[in-house]
Amino acid sequence: MVVHIEAPILMIDLHSHSTISDGLLTPTALVQHAHSKGIKVLSLTDHDDIEGLKEATSEAKLLGMYLIHGVEISVTWKRCTVHIIGLNVDSENKTLLQGLSSIREGRFERAKLMAEALSQIGIKGSLEGALKYAKSGIIGRTHFARFLVETGYAKDVRTVFKNYLVKGKPGFIEHTWASLDKALSWIHESGGVAVIAHPARYDLGKNNLLALLNEFKDLGGQGIEVISGSHTAEQSLKYARISKDFQLLASTGSDYHGPGISYREMGALPRLPEICDPIWENWNEVNGFLN
Ligand code: AMP
Ligand code: MN
Ligand code: MN
Ligand code: MN
């Protein structure tokens, strides 16, 4: 008798970060880590930057994996920050590159204001301190958080966020990112598909969530993360139903940022609920790596 045992791990992970944004591992080390966890198809989705894709692709080739070119774009929608993932983008597309570059400039301006705000409560030198951790083109709150841990203001990154870097706390600076419209147009112009990242993380009421989904669909958005490292099982089910109701394709990703600071380890995500249509359903080359 042949006993069919389903593979215990999901071999695809469509959301991860490297040192190009706020991850702890270089693109090469990230791909090696994914490989060690049994991932066959990985997307590197750094915040607002696609500098790491070339290196990650080379390493994936060496290891017999498939690297999907991705990006996670910071968007402001109705004064809320929303993250939009672009998958299968052309990393040489000028429109995309220029758009991302404009967000990175905004990040630097925000960082200067954050440092000023922190300095007013007696925390000096945080811009330089954060820049030490920002190894590449983007600077973000995570880099400030690492500096604040280093200088003893909190025991870990999570605590720094809670006490200093979220709305209502002294180091928080309101910032306007790209518009939803622009982010989707860059993704589409570069041949990619747009996916709403970790939908359960936004503080939108029911009506605004519906409005976001409708606007996203109207702009040609196709996917939503049903499984995310930051979703509970209940949240995944909720967004599985929403993906069906809105005819959105379902994505899955750990949102891995490196050892010790991630919601979830790679290769440890639950499978997509049966009712979902996986976003990679018709990606023949990808499916070749998964079968
Ligand atoms: P930024 O885009 O610079 O505003 O930073 C957002 C990033 O900060 C996210 O992608 C996470 O990596 C990290 N982050 C956000 N909230 C938290 C939190 N509460 N604890 C730890 N990291 C967080
Ligand atoms: Mn991040
Ligand atoms: Mn995100
Ligand atoms: Mn992310």
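Atoms within a ligand are numbered from 1 in the order they appear, just like the ligands themselves.
Residues Ile84 and Phe216 meet the side-chain proximity criterion, which asks for heavy atoms closer than 4.5 Å. In this structure the side chain of Trp280 never reaches within 4.5 angstrom of the side chain of Val41, judged on heavy atoms.
Within Asp22, the N, O or S atom lying nearest to the Mn ion (ligand 2) carries the name OD2.
The closest side-chain donor-acceptor pair between Thr45 and Ser43, if any, does not fall under 3.5 angstrom.
Ring geometry for Phe289 against Tyr66 counts as tilted: the plane angle lies between 30° and 60°, on a 0 to 90° scale.
Screening the protein for N, O or S atoms under 2.8 Å from the Mn ion (ligand 4) yields 4; no waters enter the count.
Looking at Lys78, its side chain never comes within 3.5 Å of a backbone N or O of Asn208 through a donor-acceptor pair.
With a 6.0 Å cutoff to the six-membered ring centre and a 45° limit on the axis angle, Arg107 does not count as a cation-pi contact of Phe144.
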